[in-house]
**Q** 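Before we start, here is the structure in question, set down as structure tokens.
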Amino acid sequence: MDARLNFFAAGETANKVLKHLMAAGAAVRGSSLPAATQELVALRVSQINGCAACLDMHTKEATAAGETAVRLHLVAAWREATVFTEAERAALELAEQGTRVADGAGGVPDTVWQNATKHYDDDQLVALVTLIAFMNAANRLNIITQQPAGDYVPGKLH
């Protein structure tokens with residue numbers, strides 16, 4: 001499958017947009033939110049949205065960073081899996097609720113937010129919320145333009 005649009009060769013507007021998106025991603029990666037949590041959240045959001053390109057990227061980045069195959073395979077079923085910490089579970093729940101906002105008329109429930117605040121400080125919460133929003137945006141950009149998956153090399157965009 002060929003992409004409908006190559007953002008890296010699409011001109012001035014694409015360059016400006018990508019510059020800011022990549023800077024936001026770098027800010028989150030440089031935060032105190034644990035790297036493993038970041039990759040798990042990126043995977044879960046991408047699973048929900050069905051973004052093959054992001055699943056390819058974040059699975060490979062997580063593996064390169066030392067994440068285990070068991071945890072990666074169980075992200076989609078994190079509620080039943082025993083391999084995630086309580087903090088990771090709180091992040092995954094916030095990621096799901098923040099991604100499925102159209103499914104719930106009230107947005108992210110207070111109980112989900114309160115659970116996240118038990119495990120993360122304000123700086124980490126900013127990073128987590130930004131990551132969830134960023135991944136939803138990246139997923140949509142990739143899905144709309146039909147970005148192919150399978151040939152991502154760790155470190156290429158991370």
Side-chain angles (χ1 to χ4, degrees), residues 5-8 10 13-68 71-76 78 81 83-104 107-145 147 149 151-158:
L5 181 65
N6 179 346
F7 282 100
F8 296 102
T13 299
N15 288 336
K16 288 179 183 178
V17 169
L18 287 177
K19 175 184 172 185
H20 293 290
L21 285 175
M22 298 304 274
V28 170
R29 277 191 309 280
S31 74
S32 62
L33 184 65
T37 301
Q38 291 183 39
E39 293 299 344
L40 295 173
V41 165
L43 283 173
R44 188 64 192 125
V45 171
S46 299
Q47 288 171 339
I48 293 166
N49 289 326
C51 181
C54 288
L55 286 167
D56 183 30
M57 174 183 176
H58 292 286
T59 300
K60 289 175 180 173
E61 290 291 353
T63 300
E67 189 58 75
T68 68
R71 284 171 40 96
L72 294 177
H73 292 301
L74 289 174
V75 170
W78 63 268
V83 296
F84 302 107
T85 68
E86 288 304 312
E88 290 167 340
R89 291 173 174 288
L92 289 165
E93 177 69 9
L94 185 60
E96 285 190 4
Q97 294 296 324
T99 298
R100 293 183 164 142
V101 292
D103 296 346
V108 175
D110 287 340
T111 55
V112 172
W113 180 258
Q114 290 164 352
N115 191 33
T117 65
K118 292 177 188 175
H119 302 283
Y120 301 103
D121 63 28
D122 285 351
D123 187 64
Q124 292 170 321
L125 288 167
V126 167
L128 183 56
V129 169
T130 302
L131 174 60
I132 294 164
F134 175 85
M135 287 309 305
N136 274 282
N139 290 169
R140 281 152 178 78
L141 289 169
N142 288 329
I143 291 167
I144 292 167
T145 60
Q147 298 299 312
D151 63 351
Y152 180 80
V153 177
K156 180 178 177 183
L157 295 176
H158 220 268

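Please read all numbers here as calculations on a predicted model, not as lab measurements.
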**Q** How far does SG of Cys51 sit from CD1 of Ile143, to the nearest 0.5 angstrom?
**A**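 Atom-to-atom, Cys51:SG and Ile143:CD1 are 5.0 Å apart.
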**Q** With a 3.5 Å distance limit and no angle check, can you tell me whether Glu93 reaches the backbone of Ala90 through a side-chain donor-acceptor pair?
**A**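 No; judged by distance alone, with no hydrogens or angles, the pair does not exist.
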**Q** Within the 4.5 Å heavy-atom criterion, are Ile48 and Glu96 side-chain neighbours or not?
**A**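 Ile48 reaches Glu96 side chain to side chain.
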**Q** Applying side chain to side chain contact (heavy atoms under 4.5 Å, CB included) to Gln97 and Trp113, what does each step give before you reach the verdict?
**A** CA-CA 10 Å; Gln97 294 296 324; Trp113 180 258; over 6 Å; no
**Q** Any chance you could measure Asn139, atom CG, to Ile144, atom CD1, to the nearest 0.5 Å?
**A**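 Taking CG in Asn139 and CD1 in Ile144, the distance rounds to 10.5 Å.
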**Q** Rounded to the nearest 0.5 Å, how far does CG of Leu128 lie from CG of Asp122?
**A**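 These two atoms lie 12.0 Å from each other.
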**Q** Looking at every heavy atom in both Ala76 and Arg44, which two are closest together, and how far apart are they?
**A**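 Closest pair (atom of Ala76, atom of Arg44, distance): CA-NH1, 3.9 Å.
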**Q** Would you say the side-chain atoms of Gln38 pair up with the backbone N or O of Leu33, donor to acceptor, closer than 3.5 Å?
**A**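 Yes; judged by distance alone, with no hydrogens or angles, the pair exists.
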**Q** Could you report the tightest heavy-atom contact between Met135 and Ser46, atom names first, then the distance?
**A**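 Minimum heavy-atom contact is CE-OG, 3.4 Å.
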**Q** Could you walk me through whether Leu40 and Phe84 pass the side chain to side chain contact (heavy atoms under 4.5 Å, CB included) test, one step at a time?
**A** CA-CA 10 Å; Leu40 295 173; Phe84 302 107; 4.0 Å; yes
**Q** Between Thr117 and Gln114, is there a donor-acceptor pair closer than 3.5 Å when you use the side chain of the first and the backbone of the second?
**A**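 Pair found, side chain donor or acceptor close to backbone of Gln114.
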**Q** Is Arg71 reaching over with its side chain to a backbone N or O of Val83, donor-acceptor style, under 3.5 angstrom?
**A**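 Yes, because the side chain of Arg71 sits within donor-acceptor range (under 3.5 Å) of the backbone of Val83.
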**Q** Any Lys/Arg nitrogen of Glu86 or Lys118 sitting under 4.0 Å from an Asp/Glu carboxylate oxygen of the other?
**A**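 Result for this pair is no, no salt bridge flagged.
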**Q** What's the shortest heavy-atom distance between Gln47 and Val75, and which atoms?
**A**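 Heavy-atom minimum between the residues: OE1-CG1, 3.6 Å.
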**Q** Looking only at heavy atoms, which two atoms of Glu88 and Ala36 are closest? And how far apart?
**A**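 Of all heavy-atom pairs spanning Glu88 and Ala36, the closest is OE2-CB, 4.4 Å.
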**Q** Tell me, do Val129 and Tyr120 make a side-chain contact under 4.5 Å, heavy atoms counted?
**A**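 They are not in contact (no side-chain heavy atoms under 4.5 Å apart), so the answer is no.
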**Q** Are any side-chain N or O atoms of Asp56 and backbone N or O atoms of Ala52, one a donor and one an acceptor, separated by less than 3.5 Å?
**A**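 Pair absent, no side-chain N/O of Asp56 close to backbone of Ala52.
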**Q** Report yes or no: does Asn136 contribute a side-chain atom to a donor-acceptor pair with the main-chain N or O of Ile132 at less than 3.5 Å?
**A**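 Flag set: sc Asn136 to bb Ile132 pair under 3.5 Å.
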**Q** Roughly how far apart are Met57 CE and Gln147 CD, rounded to 0.5 Å?
**A**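 The CD atom of Gln147 is 12.5 Å from CE of Met57, to the nearest 0.5 Å.
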**Q** Working to the nearest 0.5 Å, report the span between NZ of Lys60 and CG of Leu72.
**A**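 If we round to the nearest 0.5 Å, Lys60:NZ and Leu72:CG are 13.0 Å apart.
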**Q** Please find the pair of heavy atoms, one from Ala24 and one from Phe134, that lie closest to each other, and give the distance.
**A**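 Reported closest heavy-atom pair: CB-CD1, 4.5 Å.
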**Q** Working to the nearest 0.5 angstrom, can you tell me the gap between Leu43 CG and His73 NE2?
**A**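 Here the rounded value is 11.0 Å.
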**Q** Using the side chain to side chain contact (heavy atoms under 4.5 Å, CB included) rule, take Leu141 and Leu21 through it: C-alpha gap first, then chi angles, then the decisive distance, then the call.
**A** CA-CA 11 Å; Leu141 289 169; Leu21 285 175; 3.7 Å; yes
